[in-house]
Amino acid sequence: MQNFKKHLLIALTLVIIIGCEIVVDIDMPPYSPQIVANCFFNPDSIWSAHISNSLASLDNGNIKDIESAVVLVFENNIAIDTLQHTSFGTYRSLGNKKPSAGKSYSLTVSADGYEAIYASDIIPQAVQITSASIQDSAGTDENNNIIAEVSINFNDPTGQENFYELELYQNYITDNNKIWFTSLDPSIEQDFNGESALFNDVLFNGKSYQLKINFDSYYAQGSSKIIVYLKSVSKPYYLYNKTVILHQQNQNNPFAEPVQVYNNIENGLGIFAGFSVDTIGL
Amino acid sequence: MIKCIFGIFVCLFWLLVSFTSTAQKFTVSGYLEDAESGEKLIGAHIYETRLLKGTTTNLYGFYSLTFPSDTINLTFSYIGYQTFTKQIILDKDFRINISLSSSIELEAVEIVGERLDPIEERSQMSVIEIPVAQVKLIPALLGEVDVLKALQLLPGVQSGGEGSSGLYVRGGGPDQNLILLDGAPVYNVSHLFGFFSVFNADAIKNIQLTKGGFPARYGGRLSSVLEINMKEGNMKKITGEGSIGLIASRLTIEGPIKKDKTSFIVSGRRTYIDLLIRPLIKAASQGAGVGGYYFYDINAKVNHIFSDKDRIYFSVYAGDDRFFAKASDSWLNSGTTYESNIEFNLGWGNITSALRWNHIINSKLFSNVAVTYSKYKFYVNAINENIEKSSSGTTKESYNLKHFSGVRDWSGKIDFDFLPSPDHYIKFGASGIYHTFNTGAIQFKIESTNFTTLDTTLGIEPINAGEFALYFEDDIRFNARLKANLGVHLSGFLVNEQFYYSLQPRLSLRYFLTDEWAVKGSYAIMNQYIHLLSNSGIDLPTDLWVPTTDVVKPQRSQQVAAGVARSIFDNKYELSIEAYYKTMNNLIEYSAGANFLDVNADWQQKIEVGKGWSYGAELFIQKKSGKTTGWLGYTLSWSNRQFENLNFGKSYPYKYDRRHDVSIVISHKINENIDLSATWVYGTGNAITLPIARYLTNNLSNSFYWREIQYYGEKNSFRMRAYHRLDFGINFHKKKKWGERTWSIGVYNMYNRKNPYFLYFGNDNTGNRALKQVSLFPFLPSVSYGFKF
């Protein structure tokens with residue numbers, strides 16, 4: 001009898017817990033898989049794009065690379081290259097062509113069974129770092145570690161909206177290793193992910209600006225060099241990267257409003273965005 | 001504009017003067033009260049039987065009637081009380097205070113405490129009163145009687161999600177309700193993330209909700225005004241009541257301090273889950289840790305009658321929710337003692353208080369002066385302390401992180417009721433509020449014996465703002481068929497040297513088509529100078545109250561409503577059908593993905609501004625007296641939003657857009673000892689955003705890291721399953737030598753409907769991708785023991 005009661009209690013508890021979660025049917029609109037293009041381009045790299053497909057959210061299949069697509073690149077509306085499939089959905093310029101800053105580019109991708117896609121963007125001119133300095137010991141962080149500080153100066157171009165991304169590397173012999181950093185600069189949002197900071201020129205449009213970032217002074221010691229990357233990025237690049245981060249942060253919170261990732265591919269999904277870089281070693 | 005406003009007030013003043021100069025009329029005035037407790041009766045009906053003209057008592061139980069010199073027959077009536085009739089030879093002004101006794105023959109079986117002024121008589125529309133006695137009969141989650149959950153059962157009022165105590169009135173947001181406890185605004189009405197609300201029904205006398213057709217005396221919020229008045233306290237003898245429930249217990253004591261002069265009421269409620277689990281946590285952590293959660297409410301009120309003309313009331317409410325955890329540890333290593341203490345507190349709470357003074361200036365003019373204080377605070381406090389003790393000395397380091405936000409109001413107001421004749425009920429007054437908004441700050445402090453103290457506060461400075469309002473309204477009886485409430489409300493707001501003002505005309509009309517059927521119409525403009533920033537679908541205390549600023553404009557709404565009303569079946573039932581259309585401008589929402597902890601960015605940079613509109617129809621049939629009471633409510637409604645930077649600028653359904661909403665509430669008294677009650681609710685599922693596709697993408701920071709991205713369709717284009725639920729309750733009363741005891745047994749979600757709380761994508765039993773729904777409350781029985789003495 002005691003056992004029976006115990007089992008009954010366990011069963012009841014289980015019913016209540018399991019009973020709280022059920023699979024529900026919701027009418028999803030019909031969705032045909034689309035071409036997904038991922039292509040970031042800059043004057044220092046050969047043209048390269050990744051082409052795959054999308055699936056309906058309840059589709060049990062695996063997302064696949066599309067290996068037989070026709071991928072065309074246009075410069076100022078003139079076709080300049082057909083990218084060729086190399087491996088795992090990656091298409092490259094076999095003629096080792098690179099884009100140039102200040103020009104506009106577009107991409108078309110067609111593949112059997114999918115609607116052809118189109119996207120376009122520009123490469124902004126790289127904003128030059130006019131000067132930079134490093135201070136090996138600039139206080140301590142919350143764990144009482146000594147922090148180093150890098151200050152960089154640049155002139156924001158007048159009369160236009162500019163978008164930037166800042167990254168920091170430690171150059172050790174031949175490798176560049178990414179350094180995580182923090183910043184109290186008002187342009188940089190406090191919840192940025194620490195590996196790259198996206199910001200715009202709303203607070204300093206057309207002015208020369210100094211930006212300070214902090215990182216563990218361990219990286220500044222010894223013979224290794226600190227390299228600052230200041231990327232001048234296009235608006236689609238900025239919007240895409242910002243929304244991707246927010247999308248990830250809110251994805252598993254059922255109470256948060258979902259964040260739609262920025263998409264600039266017509267008839268498809270993904271991103272086609274340009275940027276250019278200026279670097280300085282310290 | 002200023003000239004125009006000035007002109008209106010001059011006209012209104014002359015109107016006033018012209019009334020006062022009327023000759024050869026006399027006035028009967030006074031208070032109506034319960035004979036047994038001395039509690040003033042709100043909304044009681046006083047009627048002259050020959051002239052067929054009457055009035056109702058105001059919020060303080062005061063009435064005034066002016067007639068030409070004659071013999072008059074007045075009846076004083078209130079549901080559940082014996083009607084009292086008095087003949088007066090009206091040759092001078094009379095002050096008559098009346099005590100009404102409970103109807104003896106009906107005493108045990110009726111719900112008392114409701115006005116007798118029939119629905120079709122009133123010029124106002126979209127106003128609902130629920131007797132507190134009825135609220136107490138409605139079966140409640142875990143037996144905790146809940147005023148706001150009862151209001152959610154009314155047509156035009158939606159509940160948000162499962163367990164939420166938020167009110168969504170006619171498509172508006174939860175911040176658009178002016179919730180007044182004895183005239184003081186209450187900013188956060190939820191305990192435990194909305195599962196319970198802050199009002200303790202034992203201390204409440206009167207609940208009135210206005211959803212539209214707002215009279216000019218109300219302002220400052222777009223969607224509703226909920227007036228809750230606390231009991232004053234028994235003037236005759238000490239009485240008490242209380243209950244012991246599954247999650248909380250409560251106790252109320254009231255009585256005279258000086259009989260018929262001064263009385264008090266004190267009421268308290270506290271949950272005790274923490275007291276029960278504290279020993280368990282302590283045992284599990286071998287005494288090193290304690291933690292828990294509790295909430296409490298305290299209501300207290302005193303009132304004193306100075307003279308027949310003067311009375312003061314002082315009421316206080318305080319309530320808090322608190323999570324806490326503490327742990328300490330110490331160990332010895334190589335002769336050094338290490339000690340570590342961690343403490344975490346998270347809490348939120350309101351304090352409100354109101355000091356009010358009623359003064360009868362003359363038999364036709366009643367005044368009330370009030371000073372109120374209201375504060376809402378949310379805080380997180382984390383402390384981490386490390387101590388090292390060795391022969392070489394003691395070192396100590398402590399880290400302290402505090403986050404706090406909130407709002408504080410000081411307000412003063414003066415209101416006048418002027419009753420020049422039975423055909424006019426004039427109210428006018430002025431108010432001023434001094435707001436202080438703390439929109440979120442983080443304080444980080446490190447103290448150490450090894451290095452210098454660091455004390456940083458991030459976040460923007462508190463914002464101070466002033467709000468004022470002036471109003472004038474007249475409830476005019478033009479003739480037996482036409483009655484109207486006309487008024488104007490002028491409000492202003494001063495913040496950061498920016499001044500906003502708004503002139504809001506208010507109108508509601510009643511016209512008798514036949515002797516029974518009244519048609520009603522109303523129009524109101526409302527302005528709201530405060531906003532609530534919320535980034536989740538549940539009532540979290542982190543929702544941030546922010547003011548209108550030079551960047552963020554005041555919210556503004558316009559509402560038109562039309563309807564019919566009548567009493568049916570021997571005046572036992574009230575029927576009303578209303579349709580409304582409402583527009584709302586300058587609504588704010590967080591930008592996609594923004595949240596409250598990002599204090600470095602000013603909240604003004606993280607918001608989107610947009611508009612909303614809603615329309616619908618409501619059917620309400622209510623039975624307020626007799627053995628069986630309750631109501632049927634049905635709402636058919638649409639509510640939409642449009643923001644330039646959300647959903648690509650396209651309009652989308654509001655999250656709580658609810659096409660159909662049904663509620664049935666029935667209470668039945670079988671005999672003196674047993675009563676039953678049941679409620680059934682049905683609502684169209686909440687609108688949600690779901691991904692329609694998924695794809696892979698990478699970013700340049702780490703090109704080897706591919707992640708799956710959800711591609712969402714249009715915002716809120718999907719619907720959760722419909723919500724429905726049946727609750728049931730039964731009360732067994734028994735008279736005891738010391739008073740009365742009641743056993744209450746209830747069941748929440750009788751047929752164990754799995755109502756949606758949230759949805760997510762997962763896998764089903766066969767491993768296929770599936771959309772899963774998580775529900776919160778299954779079949780939940782409850783029991784509580786109540787007592788009255």
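Just so it is clear, the values below take in all heavy atoms, side chains as well, and ignore hydrogens, waters and symmetry mates. Proteins get letters first, then strands, A, B, ... in listed order; numbering begins at 1 in each.
Looking at A:Gln248, only its side chain comes within 4.5 Å of chain B, counting heavy atoms on both sides. Neither the backbone nor the side chain of B:Leu780 comes within less than 4.5 Å of any heavy atom of chain A. The contact between B:Arg721 and chain A is made entirely by side chain atoms (from C-beta outward), counting heavy-atom distances below 4.5 Å. Interface remark: B:Phe718 contributes side-chain atoms only to the contact with chain A (heavy atom separation under 4.5 Å).
Put simply, the side chain of B:Tyr695 reaches to within 4.5 Å of the side chain of A:Val261, judged on heavy atoms. With contacts defined as side-chain heavy-atom distances shorter than 4.5 Å, the pair A:His50/B:Thr697 does not qualify.
Note that the CG atom of A:Asn38 and the CD1 atom of B:Ile709 stand 9.0 Å from one another [nearest 0.5 Å]. Between A:Leu55 atom CG and B:Glu708 atom CD the span is 8.5 Å, to the nearest 0.5 Å. Remark: A:His247 NE2 to B:Tyr711 OH distance equals 12.0 Å, nearest 0.5 Å.
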Can A:Gln260 and B:Thr689 be said to form a side chain to side chain contact (heavy atoms under 4.5 Å, CB included), step by step? CA-CA 10 Å; A:Gln260 183 80 281; B:Thr689 310; over 6 Å; no
Side chain to side chain contact (heavy atoms under 4.5 Å, CB included), that's the test. Do B:Arg769 and A:Asp59 meet it? Break it down for me. CA-CA 7 Å; B:Arg769 289 175 70 85; A:Asp59 193 320; 5.8 Å; no
As a quick check of understanding, evaluate side chain to side chain contact (heavy atoms under 4.5 Å, CB included) for B:Phe761 and A:Ser57, giving each step before the final call. CA-CA 8 Å; B:Phe761 280 96; A:Ser57 32; 3.9 Å; yes
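Taking A:Phe163 as the reference, A:Tyr238 meet the ring pair (Phe, Tyr, Trp, His ring centres under 6.0 Å) condition, with sequence neighbours excluded. Partners of B:Glu589 according to the side-chain hydrogen bond (donor to acceptor under 3.5 Å, both in side chains) rule, which considers only residues two or more places apart in sequence or in another chain, do not exist here.
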